[in-house]
Amino acid sequence: IIKSNVMEKVKIGIIICDRYKNCAGGKCFRSLRQREGAFALYKDVEVEVVGYTTCGGCPGGNIQYAPAEMKKNGATHIHFSTGLLVGYPPCPRMEYFEEFIKVMYGLQVIFGTHPIPEQYFLTHGALNTWNTPFLQRAIKDVLCDEKTRLMYD
């Protein structure tokens with residue numbers, strides 16, 4: 001996503017699932033500092049979080065408005081939190097939200113923030129949850145080795 005020999009700053013927004021609205025963001029911010037999970041995309045780039053909010057609850061009413069504010073604050077990338085991918089069930093509207101944000105706001109959407117925790121990896125594996133082409137694409141940046149997954153349990 002980010003390729004440059006010059007140190008640059010990327011401004012991102014994070015949208016979390018409303019089911020986890022009380023989440024303080026600890027795993028997301030730790031993985032950002034350590035450049036793990038989807039934040040490994042920025043390993044050589046300075047990152048500033050310019051927005052952090054929920055989707056607004058099903059059917060995602062805040063998706064219509066939050067990216068606009070984030071863009072006004074300089075965001076070029078919107079991350080859908082790992083919670084949207086690992087909830088039971090994963091958010092069924094992510095693919096639509098991705099397209100909407102690209103078309104409406106011209107922002108790049110990245111699926112995931114922190115690495116998938118081991119407990120979710122095992123359960124969704126047993127349930128065959130992520131066996132669609134879309135979900136395989138969506139989880140690719142947050143799949144990590146077992147040691148890393150265990151650190152995020």
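Counting begins at 1 with the first residue of the sequence.
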_Run the salt bridge (Lys or Arg N to Asp or Glu O under 4.0 Å) test against Glu48 and tell me which residues pass, sequence neighbours left out._
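Checked Glu48 against salt bridge (Lys or Arg N to Asp or Glu O under 4.0 Å); matches are Lys9.
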Residue list, salt bridge (Lys or Arg N to Asp or Glu O under 4.0 Å) with Arg137, at least two apart or on another chain |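 Arg137: salt bridge (Lys or Arg N to Asp or Glu O under 4.0 Å) contacts with Glu98.
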Assess the residue pair Met70 and Ile78 against the criterion (side chain to side chain contact (heavy atoms under 4.5 Å, CB included)); give the C-alpha distance rounded to whole Å, side-chain angles, the decisive distance to 0.1 Å, and a yes or no.
CA-CA 8 Å; Met70 293 174 182; Ile78 301 293; 3.5 Å; yes
Show every donor-acceptor pair shorter than 3.5 Å between a side-chain atom in residues 13-31 and any protein atom, with sequence neighbours excluded, or say none if there are none.
| unit_1 | atom_1 | unit_2 | atom_2 | d |
| --- | --- | --- | --- | --- |
| Asp18 | OD1 | Thr54 | OG1 | 3.0 |
| Arg19 | NH1 | Tyr88 | O | 3.1 |
| Arg19 | NH1 | Pro89 | O | 3.2 |
| Arg19 | NH2 | Pro89 | O | 2.8 |
| Lys27 | NZ | Tyr152 | O | 2.7 |
| Arg30 | NH1 | Met151 | O | 3.2 |
| Arg30 | NH2 | Met151 | O | 3.2 |
| Ser31 | OG | Lys27 | O | 3.1 |
| Ser31 | OG | Cys28 | O | 2.9 |

Could you tell me whether Tyr42 and His79 have their ring centroids closer than 6.0 angstrom?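 Aromatic pair counts; centres sit under 6.0 Å.
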Joint hydrophobic cluster, [X] plus [Y], side-chain heavy atoms closer than 4.5 Å:
X: Met104; Y: Ile110; value: no
X: Val50; Y: Ile101; value: no
X: Tyr52; Y: Phe80; value: no
X: Phe134; Y: Ile139; value: yes
X: Val10; Y: Val109; value: no

inquiry  = To the nearest 0.5 Å, what is the distance between OG1 on Thr148 and CZ on Phe121?
reply    =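 So the gap between those two atoms works out to 12.0 Å.
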Next on the checklist: Just verifying a value: how many Å separate Asn131 CG and Thr129 OG1, rounded to the nearest 0.5 Å?
Outcome noted: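 One finds 8.0 Å between CG of Asn131 and OG1 of Thr129.
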Any side-chain heavy-atom pair from [X] and [Y] closer than 4.5 angstrom?
X: Thr53; Y: Tyr65; result: no
X: Leu143; Y: Ile116; result: yes
X: Glu36; Y: Cys144; result: no

Quick check: closest heavy atoms across [X] and [Y], and the distance to 0.1 Å?
X: Met94; Y: Pro90; answer: CE-CB, 4.4 Å
X: Ala75; Y: Ile12; answer: CB-C, 4.3 Å
X: Leu107; Y: Pro67; answer: CD1-O, 3.9 Å
X: Gly37; Y: Pro115; answer: N-CG, 3.6 Å
X: Gly60; Y: Phe97; answer: CA-CZ, 3.8 Å

Q) Is the backbone N or O of Leu85 less than 3.5 Å from a side-chain atom of Trp130, with the two atoms forming a donor-acceptor pair by type? A)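 At least one qualifying donor-acceptor pair exists.
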- Task: Without swapping roles, check the side chain of Tyr105 against the backbone of Gln64 for a donor-acceptor pair under 3.5 Å.
- Result: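 Indeed, once roles are kept as given, a pair shorter than 3.5 Å links the two residues.
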Taking only residues at least two apart or on different chains, which pairs with a member in residues 64-91 satisfy salt bridge (charged side-chain N to carboxylate O under 4.0 Å, His left out)?
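Not a single pair qualifies under salt bridge (charged side-chain N to carboxylate O under 4.0 Å, His left out).
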Summary of salt bridge (charged side-chain N to carboxylate O under 4.0 Å, His left out) pairs that have at least one residue in residues 142-153, sequence neighbours excluded:
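Those involving residues 142-153 are Glu118-Arg149.
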Exercise. Apply side chain to side chain contact (heavy atoms under 4.5 Å, CB included) to Phe111 and Asp141, showing your working.
Key: CA-CA 7 Å; Phe111 294 97; Asp141 292 328; over 6 Å; no
### Query
What residues, two or more places apart in sequence or in another chain, satisfy side chain to side chain donor-acceptor pair (under 3.5 Å) together with His114?
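Testing His114 for side chain to side chain donor-acceptor pair (under 3.5 Å), a comparison that skips the adjacent residues, returns none.
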Verify side chain to side chain contact (heavy atoms under 4.5 Å, CB included) between Val47 and His77, making sure each step is shown before the conclusion.
CA-CA 10 Å; Val47 177; His77 299 72; over 6 Å; no
inquiry  = For Thr113 and Leu32: C-alpha separation, side-chain torsions, deciding distance, then whether side chain to side chain contact (heavy atoms under 4.5 Å, CB included) applies.
reply    = CA-CA 8 Å; Thr113 49; Leu32 178 58; over 6 Å; no
